[in-house]
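Notes follow once the structure below has been shown.
Just follow the structure's listing: the first ligand is 1, and inside any ligand the first atom is 1. What you see is a predicted model, and the numbers here were worked out from it, not measured in a lab. Each residue takes its place number in the sequence, starting with 1.
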Amino acid sequence: MILNIAVLPGDGIGPEVTSQAIKVLKAIALEFDHTFFFKEAAVGAVAIDNENNPLPDETLKLCKSSDAILFGAIGHPKYDNDPSAKIRPEQGLLKLRQELNLFANVRPVKAYDTLLDKSPLKKHIIEGTDISIYRELTGGIYFGKKHLSEDGNTASDLCEYSRFEIERIAHLAFKAAQSRNKKITLVDKANVLETSRLWRRVVTELATQYPDVTLDFLFVDNAAMQIILNPKQFDVILTENLFGDVISDEASVIGGSIGLLASASFGDRYALFEPIHGSYPQATGKGIANPIASILSAAMLLEHFELFDEAQLVREGVERSLELNITTQDLNPENTTITTTNIGDFVDDFISNPNDSNINFTNIHLGQSTII
Ligand code: IPM
Ligand code: MG
């Protein structure tokens, strides 16, 4: 298969984790005889620095002419600490989601058996967790009209949803549930918000088309508690933009590190793959960032193109690295020798030689790269 992949490394640790994902995709291309072309473009704070625009036109153009987009991370402390900044890195990502109409964001949350001790949650609570979060990504309060009064003392953000916006992601969530454990939980705040009541009505109506799927509802405050109290009760979680943002970060605690959580965003035409973690500026350039979320986002990219064996091999490589404790400091605070690059190298080697990765493990622990 020939794929043109737009690479938007972005800010902070974005470039270092994305290059591990590219390394892994190149190994897959070699092993399975595919041709993947990678073209890089600027986004976020880097693009503001150079072009005063967090999403330059040529970046958008590249994305629109590519088969898929691999995204790194976005954000910089100089903007986080300056609420009055008019141009912000996050605007680049939001505009990209909007321009490409990426309305469905899929965030899988899984408890890996080998990492059960790494989560601050008790092992028996998280063991076996396998959730797929469907977060609406181009509507709601993120994109509603914003207002700041002239005196700067009153502000508002409008949260608006239409039936159409709810239906299109709900269909995807129901289809996903059909191929999983056949359960959807709609997370909302229907006891207070009109938009949530619309979500309930529309999703309930739609559920009649999917009689094999059980639909239930949770208020978001309760859902926030249930996710860490009893995560195994969930299969597919369907929710609006802001709630999805919050509960997916929360759910990452189950896996032991936010550095493990990948995501895919789909629209009617385009698809973008990105780790859910942010730009982690404190770690930039130190080689301590966990590249697994980015590597697993690459696996989701492969699955999107129905390259299932390829994706499976990437996942096995990741699982093997976790089994062998080839992990960054977020999962293994004692480790000061295994770097972001080492993990990419390990998965790369695993792909070309799945049965022989113990040798690489030894080399990595000796601080020797196995890549010549
Ligand atoms: C995410 C991020 C983004 C969001 C930010 C960077 C705009 O937190 O993808 O979860 O809020 O959607
Ligand atoms: Mg977020």
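F36 and F38 have perpendicular rings, their planes meeting at more than 60° on a 0 to 90° scale where under 30° would count as parallel.
Under 4.0 Å is where a charged nitrogen must lie from a carboxylate oxygen, and between E160 and K145 no such pair does. We find that K123 and E127 are not joined by a salt bridge, their nearest charged nitrogen and carboxylate oxygen being 4.0 Å or further apart.
From Q98, atom CD reaches atom CG of L55 across 11.0 Å, with rounding to the nearest 0.5 Å.
Checked by atom type and distance alone, the side chain of K118 never pairs as donor or acceptor with a backbone atom of T114 at under 3.5 Å. No side-chain donor-acceptor contact under 3.5 Å links D82 to the backbone of K78.
Scored by the side-chain contact (heavy atoms from CB on, under 4.5 Å) test, R200 finds L186, D188, A190, F217, F219 as partners (sequence neighbours excluded). Residues forming a ring-ring contact (aromatic ring centres under 6.0 Å, His included) with H304 (at least two apart in sequence, or on another chain): F266, F273.
Each protein N, O or S atom less than 2.8 Å from the Mg ion (ligand 2) was counted, giving 1.
Within 4.0 Å of ligand 1, counting heavy atoms only, the contacting residues are I74, E90, R97, R107, R135, Y142, D245.
A cation-pi contact, defined as under 6.0 Å to the ring centre and within 45° of the axis, is absent between R180 and Y134.
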